[in-house]
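Okay, structure first, notes after.
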Amino acid sequence: MPIYNHTFETMPRREIEAVQLKRLQATIERIYATVPFYKKSFDKAGIKPEDIKSLNDLQRIPFTTKLDLRDNYPYDMFAVPMEQVVRIHASSGTTGKPTVVGYTQNDIHTWAELIARSFSAAGATSRDILHNAYGYGLFTGGIGAHYGAEKLGMAVIPVSGGNTKRQITIMQDFKPTILCGTPSYILHLAEIAAEMGVDFKDLHFKSGIFGAEPWTENMRAELESKLHLKAIDIYGLSEVMGPGVSIECLEEQKGLHVFEDHFIVEIIDPDTGEVLPHGETGELVFTSITKEAFPVIRYRTKDITSLNSEPCACGRTHIRMNKPSGRSDDMLIIRGVNVFPSQIESVLMETKGILPHYQLVVDRKKNLDTLTVKVEIDEKLFSDDIKSLQAMETHISENIKEHHGVSAKVLLVEPKTIQRSQGKAVRVIDNRKL
Ligand SMILES: [Zn+2]
């Protein structure tokens, strides 16, 4: 498979680190002078830009959190005057104000390059046609993928989310070969296609690039068999740039290469803030080292995963992050047991006849937390007798208990009972907060 930017993506470790240090120092110097938040935070920690002499010195710098971004809403974290900003995106927060991010012309070029690298890693070339089902708008997914795909020379169909039936017709008529979107919306698309009597086998996709929500290996198997394509995970978040911070390669589909000439990645213990060695699981932290309008220093993503510095078959030398198992935000604590929706998903997908549509409902009854897992099953199974359905519910519940130590009531429901999303799926309904 061709590598889009061979020089940077296959750079020996020592050279990558030299590039990182130079770019980190330049970023630190610039934001210290231009962003009052960072000046204050550095001063408080007793650090001056010239103190950053090695990559290890990064660990002395305080973290940046979503709360910091919210406190500086909307533009106070921008490091350039508005006349240099050419684009604004925002991510919806679950509570309160959204996070606003800005891009200069150079930032847009960098982002497009990293998406072009990502799509190349997923097997795309200028001969491909992209069906871009990411939402276009304030969300970074749609337009972010769009510019990078054009840079790679692909023909982009900017179909966005929604209008699902029309999307299927477009897939049949325009013959796109690469698909992208959130995995939950893509599964919804597959479902509508089946209803319309359209088999993905007869469509033309070779790769699907799915991101914006964490998904499991079992979901990959589901996506690949339903859609007849290679499912590739892409990672990014608007605070750091948008999609294209890291990508899986087609060769291994195992861990996402972080574009280290633009971002420094760390894994920390979420409780102590201590940097953890490669291989250990903790919270992902990113520092952007080339962004102009909205650089972030040691931004805590709340995504939980580990890093893998083993060489990769694709030839890229950039470190890989394993698929995030979830966000510390999404982590449910049920009677003292920590559990991520993705762990429940894993168990569900291993059960025959289960559809990839589920929802976790948490309630508090008499001061006791209860978890109900609602999951759709195949129509054929649903017509089976009550007894075998109950047996199946018990079986799944036992598997969840065995693998993740949490007691859950499993409720099998008819196909299409759980609401479909046009963007990110709503996996958890926590009634305890109401
Ligand atoms: Zn690779």
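Numbers here simply count residues along the sequence, with the first being 1. Ligands are counted one by one from 1 in listed order, and the atoms in each one are counted from 1 as well.
- For R298 and F286, the positive end is not near the middle of the six-membered ring at less than 6.0 Å and at most 45° from its axis.
- Shown here are the protein N/O/S atoms lying under 2.8 Å from the Zn ion (ligand 1), water excluded: C249 SG, H257 NE2, C312 SG, C314 SG.
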Item to check | Stepwise side-chain hydrogen bond (donor to acceptor under 3.5 Å, both in side chains) check, D107 with T104 | outcome: CA-CA 5 Å; D107 292 333; T104 64; 3.3 Å; yes
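- Proximity of the aromatic rings of H89 and W111 is defined here by a centroid distance below 6.0 angstrom, and this criterion is met.
- Applying the salt bridge (Lys or Arg N to Asp or Glu O under 4.0 Å) definition to pairs two or more places apart or across chains, those involving residues 214-239 are K66-E239, E217-R220, R220-E248, E222-K226, D233-K323.
- For R300 and F63, the positive end sits near the middle of the six-membered ring, less than 6.0 Å away and at most 45° from its axis.
- The aromatic rings of Y38 and F42 lie perpendicular to each other, with more than 60° between the two planes, well past the 30° mark.
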